[in-house]
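To find a chain, count down the sequence lines: A is the first, B the second, and so on, and within it residues start at 1. Basis for what follows: all heavy atoms, side chains included, without hydrogens, waters or symmetry-related copies.
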There are 2 protein chains.
Amino acid sequence: MKGSQVTIKDIAKQLGVSASTVSRALKDHPDISPETKKAVTELAEELNYQPNSIALSLRQKKSNTIGVIIPELVHFFFSTVINGIEDVAYAAGYSVIVSQSNESYEREVMDTKALFNNRVDGILVSVSRETENYDHFQSLVNRGIPMVFYDRICKAINCSQVIIDDFDAGYQSTKHLIDQGYKRIAHISGPSSLILSKERMDGYKKALTDHGLKIDETLILEEKEAKDEKVAKELTEQLLSLSLPPDAIFANNDIAAVGAMLVIKEKGLKIPEDIGVVGFSNWRFTSLTEPALTTVDQPGFKMGQEAAKLLIKEIEAKEGEIVEPETVVLKTDLIIRKSSVRK
Amino acid sequence: MKGSQVTIKDIAKQLGVSASTVSRALKDHPDISPETKKAVTELAEELNYQPNSIALSLRQKKSNTIGVIIPELVHFFFSTVINGIEDVAYAAGYSVIVSQSNESYEREVMDTKALFNNRVDGILVSVSRETENYDHFQSLVNRGIPMVFYDRICKAINCSQVIIDDFDAGYQSTKHLIDQGYKRIAHISGPSSLILSKERMDGYKKALTDHGLKIDETLILEEKEAKDEKVAKELTEQLLSLSLPPDAIFANNDIAAVGAMLVIKEKGLKIPEDIGVVGFSNWRFTSLTEPALTTVDQPGFKMGQEAAKLLIKEIEAKEGEIVEPETVVLKTDLIIRKSSVRK
DNA sequence: TTGAAAGCGCTAACAA
DNA sequence: TTGTTAGCGCTTTCAA
């Protein structure tokens, strides 16, 4: 912010007019004479005048910035979401500030406050794995800050949200395994604190019962802590050493899927012949290196776009106008390769 | 930015003092009486007063924000860099605005201008693959905006920079292959527009000549366009169909390495028995799913930290003080697994 | 120890 | 058609 910038005053002085004239000329106000307009715009061009967005923010009480709280940037899915957000935000003239909670409740609370202090016009949130208390969000909503939840939503707060149809994803994944003739389908689920974990599991259960299979609770294991290669492998070990082991696994995430796959290989079993695996892939190249896995593809870019659109709509609603919270539901795709299907 | 915020004026009015007194009390100015101080801080607390950072920015001509230009967020390496940047920036009281160039020169130019207009106090840059003209950076540097380059640097501009010792990485990677007895080592290199591509290649060449091996230009292929699975596979096909094919490949990046590996497998060859592969891994789980690959691990987090430190040091240098550009060089690690080494 | 006033860069109501 | 003035929220010099 160094290197003293050209201001409206500088232009005004050089042209011997007032600052307001320059201001008006620059925004093509109808009152200003064509000559003045021309002189102003030309000099502005010449001096490479750039409006000071901070002064504008102060004046208009609007920062033209949106804040994003994201669990972790390193996941393909989430970084893709950011791309979608930027796509829409930039086009609408907003800057984007991204804060990572790193799946920590404490960090999330700090980030929320920091964004608020930075006077963002609105916030996009995907809650951390740890979060079970939502006061930090509610208090901002109460103050009238527009907020939209994406992916990891928060039912307790009445805001717009963009979600993936996780029930359907769970259902389709499980059905895909059933269709190939697998009978004992296990599920490695995500932490029960996340709504989407429950949705996926419900989809899984519904698919089983719809197709005349029983729900066997011994085949459902929860990955409680953070996603971790070791944990995923242990859970798979546990499943495979059951007296009645599963013949297929529906994994809640990429690591769980890959962990399962590694353990299965170690045991000398083959995918998909001996055991079928379907997993969510937050991770870019799962299907590139692991053609035997069927993966659930999540529409991250689209999700980012939709969330940003909703937020900007709320931000730009006229004062007093009430915006009814909306819910956008996006479908996943099942990426099936020949080599991931059992005949 | 809605929900009218408590201001210094509000506090002043309620307490029957002036705004300047409140301002001073809040920053613990020695002139203010303990009683006033107490009254002010207590009321501020009660009303949940938060200083308006935009007004502060305007007043102090400092936004306490740093801008980051990054080629693509979806790569593990780059998102890790962001983590490092945030780590240092937040601790020092700075916000971070991230812009992705998506490896596009045009986008990069736009991003640079946008950050400047947003009045960031300084910019961290990793140049896009396409960039060959650096005027957009030079003009900001000329205006006195502190700028630090990381990873993909720009020799033409005299700024601080944080780089990876890519020569050493190329050397070590190649040496690792030589040590295992491979004789015809190919190199899939990155675009020659990036300095680091050249460095890696020079390291590769030096390792060969240091160990009595000849440089065979037919074994060196450049991956010109964007990183792409298909291109990587084609290049490998090309290498393997040479009349004198290589017995090892040093790949410039993750995709090239994985692409090479896939083609090798398709041909019925084995890694590392028939052919050795070493690749840079910008990608999180290469070594998890591909234990046969030896990977070069790049210290992204550290790089982000160092770059942010240098930038903040420059930003906070006293007016007029001259900060000599510094270069920080970080070493890579070679991640070698038992299964990636030929006996 | 405190207050008044000016000003950061910009806009907009009001006046001319 | 243009200028004057006030003010967004804050800090700081100068005066009291």
Side-chain angles (χ1 to χ4, degrees), chain A residues 1-41 43-44 47-65 93 116-121 319, chain B residues 1-41 43-44 47-65 93 116-121 319:
Chain A
M1 216 166 141
K2 291 183 187 170
S4 68
Q5 273 301 292
V6 179
T7 74
I8 274 188
K9 270 192 185 169
D10 298 324
I11 299 180
K13 205 173 286 174
Q14 282 202 39
L15 254 39
V17 297
S18 77
S20 33
T21 303
V22 175
S23 170
R24 284 188 273 241
L26 287 172
K27 40 180 41 187
D28 211 18
H29 191 102
D31 279 358
I32 303 294
S33 75
E35 305 86 59
T36 327
K37 235 175 236 177
K38 186 153 172 288
V40 169
T41 44
L43 185 58
L47 300 179
N48 191 19
Y49 166 78
Q50 302 288 0
N52 184 326
S53 58
I54 291 174
L56 258 174
S57 298
L58 182 62
R59 177 78 233 253
Q60 314 193 324
K61 297 188 164 225
K62 180 160 187 298
S63 62
N64 281 299
T65 302
F116 177 66
N117 284 354
N118 270 298
R119 297 299 194 275
V120 293
D121 293 332
E319 190 69 31
Chain B
M1 214 166 141
K2 292 184 187 171
S4 68
Q5 274 301 292
V6 178
T7 74
I8 274 190
K9 270 191 185 170
D10 299 324
I11 299 180
K13 205 173 286 175
Q14 281 202 40
L15 254 41
V17 296
S18 76
S20 28
T21 303
V22 174
S23 170
R24 283 188 274 243
L26 287 172
K27 41 180 39 187
D28 212 17
H29 192 101
D31 278 358
I32 303 295
S33 76
E35 304 86 61
T36 328
K37 235 175 237 176
K38 188 153 172 287
V40 169
T41 45
L43 185 57
L47 299 179
N48 192 19
Y49 166 78
Q50 303 287 1
N52 184 327
S53 58
I54 292 176
L56 257 173
S57 297
L58 183 61
R59 176 76 232 249
Q60 313 194 323
K61 297 186 162 227
K62 180 161 188 293
S63 63
N64 281 299
T65 302
F116 177 66
N117 284 354
N118 269 297
R119 299 298 195 274
V120 293
D121 292 332
E319 190 68 30

Please examine the side chains of A/N48 and A/V6, heavy atoms only from C-beta on, and report whether any two atoms are closer than 4.5 Å. no
With respect to the phosphate group of C/dG3, does any side-chain polar atom (N or O) of B/T21 fall under 4.0 Å of OP1 or OP2? yes
From CD of B/Q5 over to P of D/dG9, roughly how many Å is that when rounded to an integer? 10 Å
Without decimals, in angstroms, what is the distance between A/N117 CG and D/dC10 C1'? 15 Å
A side-chain contact here means heavy atoms from C-beta on lying under 4.5 Å apart; do B/S53 and B/N64 qualify? no
Identify, residue by residue, the members of residues 29-39 of chain A with a heavy atom below 4.0 Å from DNA chain D, and return them in order of residue number, or none. A/D31, A/I32, A/S33, A/T36
Choose from D/dC10, C/dC10, C/dA4 the nucleotide whose nearest atom is closest to any side-chain atom of B/N52. D/dC10
Student check: side-chain heavy atoms of B/N52 and B/Q5 closer than 4.5 Å: no
Atom-pair distance (CZ on B/R119; C1' on C/dG9), nearest Å: 9 Å
Could you give the CG-to-P distance, from A/D28 to D/dT2, as a whole number of Å? 13 Å
For C/dC10 and A/K27 - does any side-chain N or O of the residue sit under 4.0 Å from the phosphate oxygens OP1/OP2? no
Measuring only between side-chain heavy atoms, which start at C-beta, is A/I8 closer than 4.5 Å to A/Y49? yes
Between B/L56 and A/A55, the residue closer to the 5' end of DNA chain D by nearest nucleotide is A/A55
Has the side chain of A/R24 got a donor or acceptor that lies under 3.5 Å from a partner of the other kind on the base of D/dG3? yes
Can you measure A/I54 atom CD1 to C/dG9 atom P for me and round it to whole angstrom units? 11 Å
Between atom NZ in B/K13 and atom P in D/dC10, what is the gap in whole Å? 13 Å
Could you say whether B/A19 or A/Q50 is positioned toward the 5' end of DNA chain C, judged by the nucleotide with the nearest heavy atom to each? B/A19
Show your working on side-chain contact (heavy atoms from CB on, under 4.5 Å) between A/T65 and A/N118 and close with a plain yes or no. CA-CA 9 Å; A/T65 302; A/N118 270 298; over 6 Å; no
Spacing of B/Y49 atom OH relative to D/dG9 atom P, expressed in whole Å: 10 Å
Report the distance from atom CD of A/Q60 to atom P of D/dA6, rounded to the nearest whole Å. 21 Å
Given D/dT4, C/dG9, D/dC10, identify the nucleotide with an atom nearest to the side chain of B/K61. C/dG9
Are A/L15 and A/L43 side-chain neighbours, meaning at least one heavy-atom pair lies under 4.5 Å? yes
Below 4.0 angstrom from OP1 or OP2 of D/dG3, is there any side-chain N or O of A/S18? yes
At their closest point, which heavy atom of A/D121 faces which heavy atom of A/S63, and how far apart are they? OD1-N, 2.9 Å
